[in-house]
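Letters go in sequence order (proteins before strands), and every chain restarts at 1. Predicted, not measured: the structure shown is a model, and the values here were computed from it.
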Amino acid sequence: MQDILNIQELTCGYGNGFHIRNINLNIPKGSFAGIIGPNGSGKTTLFKAISGNLTVKQGTLLLTDKNIADFSYKERAKNIAVVSQTLYVDSIRVEDFVLMGRMPYHSRFSFFEHKNDYEIAHHYMKLTGTYHLKNKLMTQLSGGEQQLVDIARALSQEPGLLLLDEPTSHLDIGHQVQILNLLQKLNTDLKLSILMIIHDLNLAGEYCDFLVMMSKGKIHTIGSPKEVLHYQHIEAVYNTIVVTETNPISGKPVVLLVSGKVLNQNHHINR
Amino acid sequence: MSRPVKYLFIIVLLLLFLLFAFIVSFIFGEVSFSLIDIIQIFKTGEGDLKYAILMKIRLPRIILGIAVGGSLSLSGAILQGIYRNPLVEPYTLGISGGAALGVSLVIVLGLQSFISALALPLAGFAGSMAVVFLVYVFSVQRGGIHTNSMLLTGVMISFIASSLMMLLMAVASNESLRSIIFWTMGSLNEPNILLIKIAFGASLSGLFFSYFFARDLNALRLGEERAIHLGVNSALAIRFLFVIASLLTGISVAVAGIIGFVGLIIPHIMRLFAGNDYRILLLSSFLGGAGFLVLSDTLARTIISPNELPVGVITGIIGGVAFMIILRKKYTF
């Protein structure tokens, strides 16, 4: 199967500061992939390299077999849509916000949206369950609703690859599952390739079919959730003692934490 | 209401407002005319003193008011957009400070009689462009533009310029001091028709070119990084817009001196009235600013006629009060 992303020996970073080095990564089309790793491990840097916000210093980064640097700004926005982590704060109407996703399809001189743009925006608002919010202001929405609207905006770009930076971080478990179920549906129904940064290892294991574990600017492990979410990998990367189990319903790996007190009382326990 | 219809409606309303300002300013003054007088005067045509007042004094002044009011308000809207900061106005970046310093220098050195009537506008323009250049150079780093450092640089240069100007004023003669203060207060009284034509042409071109970036400004509302994700070359758009706004402000200040508040208040009033979308905000700010300044100027020259108040006094008071009223309503940037 063709790769949506093909990264070889990638090095990139900020000035003379933090760099990610020697990244090798292939993500097949139609994947639902997750990037995990502790704070400061280079997840966001890798993410920025893929979204084109950081220039590649060494190595190659191919998006559907074409070098990312060869894309124009507009072309790139037609192929990759990004849902960032920061919540949105500006008083713009929800519908207008979603319509912004159509920008890459307009020339500088086409002044108004076409009927077709409205249709596409409305379609994805319905798909994300946000159509009824269309006349509200973004500032009037809850965090979960803003996230859904932002996903509708990203989908209106009709990308081949959807990047999300911690799409569930500000949300309660109900909304977390709502967002991830939506992404799963998009992945299955629309064959949309998804790559997200996610901190919650259990959600990563439950939803992703492919995980990239990063540590200190390098890739530590790549593989299926079962392979990556092994307690030895997690303990090495996060420096934390964990217990891994299997979810009795889904059969996916589950990561459990143990408090320091209990660990001290049970120091005789060996795995 | 669909977007084009809504925009058309807003534009027509604002054009009517501008027309109203134009007529009021044309009729009222040291000598006031009724509309019937005006028709009579135009029938008589040239040679009449009244005709000369209307066509040689009032009309050029109105046109300058449109140019300066439109330019300041438009560049205020642009700058608030690229810095994503509601408090930014055309003078925040030290453009006016630079112009004032240039003018003060020429006055103190006694150069204005030396180079003719164009000396002060030229000095003002040179001063403002020097500041723009400094701000630009200091904040362009490795291909990117850092808007926050740009803003801070501008504010600092503005402080330095005003300190230097105070230094000049401390050593200036009484005569020079008066000239400096008079210039700083700003006025639409400009006898040189060429300068008025330049200011008017520049303001319309600025409006025209700003529209190439109206959509980019919309995307920049979401932040530079998000704008890039939407396919906008943020750095390029910010550079172009910065240059447009600086030129508009520089020319306005050079011709009319420092007229405060138009560039801060009008864009905010227009955000409220016409919406935050830059496709309409740019034009509505221009038209609103033009009408507002023409009306303010009419007040400034009639209120204590035959004397004239500095127009900045009127824009400051009216603009400030109007804005406080608006802030009491629910309003977010």
Per-residue contact mode, [X] against chain B (heavy atom under 4.5 angstrom):
X      : result
A/Y118 : side chain
A/E75  : neither
A/D150 : side chain
A/F111 : both
A/R102 : neither

| query | Sub-3.5 Å donor-acceptor pair from the side chain of B/R215 to the main-chain atoms of A/M103, do we have one? | reply | no
| remark: Nearest heavy-atom contact between A/A77 and B/G231 is CB-N, 3.4 Å
| field | Contact class of B/N218 relative to chain A, heavy atoms under 4.5 angstrom | value |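 It is both, since atoms from each part get that close.
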| task | Select one option (side chain, backbone, both, neither) describing which atoms of B/Y7 are under 4.5 Å from chain A's heavy atoms. | result |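 Only the side chain of B/Y7 comes within 4.5 Å of chain A.
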| message | Taking the side chain as everything from C-beta on, heavy atoms only, tell me whether A/Y73 gets closer than 4.5 Å to B/I228. | response | yes
| Between atom CG of B/N276 and atom CD1 of A/I92, what is the distance when rounded to the nearest 0.5 Å? |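 Rounded to the nearest 0.5 Å, the CG-CD1 separation comes out at 8.0 Å.
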| Could you state the interatomic distance from CE (A/M100) to CG (B/L230), rounded to the nearest 0.5 Å? |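 If we round to the nearest 0.5 Å, A/M100:CE and B/L230:CG are 7.5 Å apart.
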| Option passing side-chain contact (heavy atoms from CB on, under 4.5 Å) with B/H229 (candidates A/V82, A/I80, A/V83) | A/V82
More than 12 heavy atoms from other groups under 6.0 Å of [atom1] on [X]:
X      : atom1 : answer
A/F18  : CZ    : yes
A/E9   : CD    : yes
B/F212 : CZ    : yes
B/F208 : CZ    : no
B/K197 : NZ    : no
A/F112 : CZ    : yes

| said: I need the residue from A/K74, A/K78, A/E113, A/H106 with the largest number of non-hydrogen atom pairs under 4.5 Å to chain B. | reply: A/E113
| field | Residues A/D96 and B/R3 bridged, charged N to O under 4.0 Å | value | yes
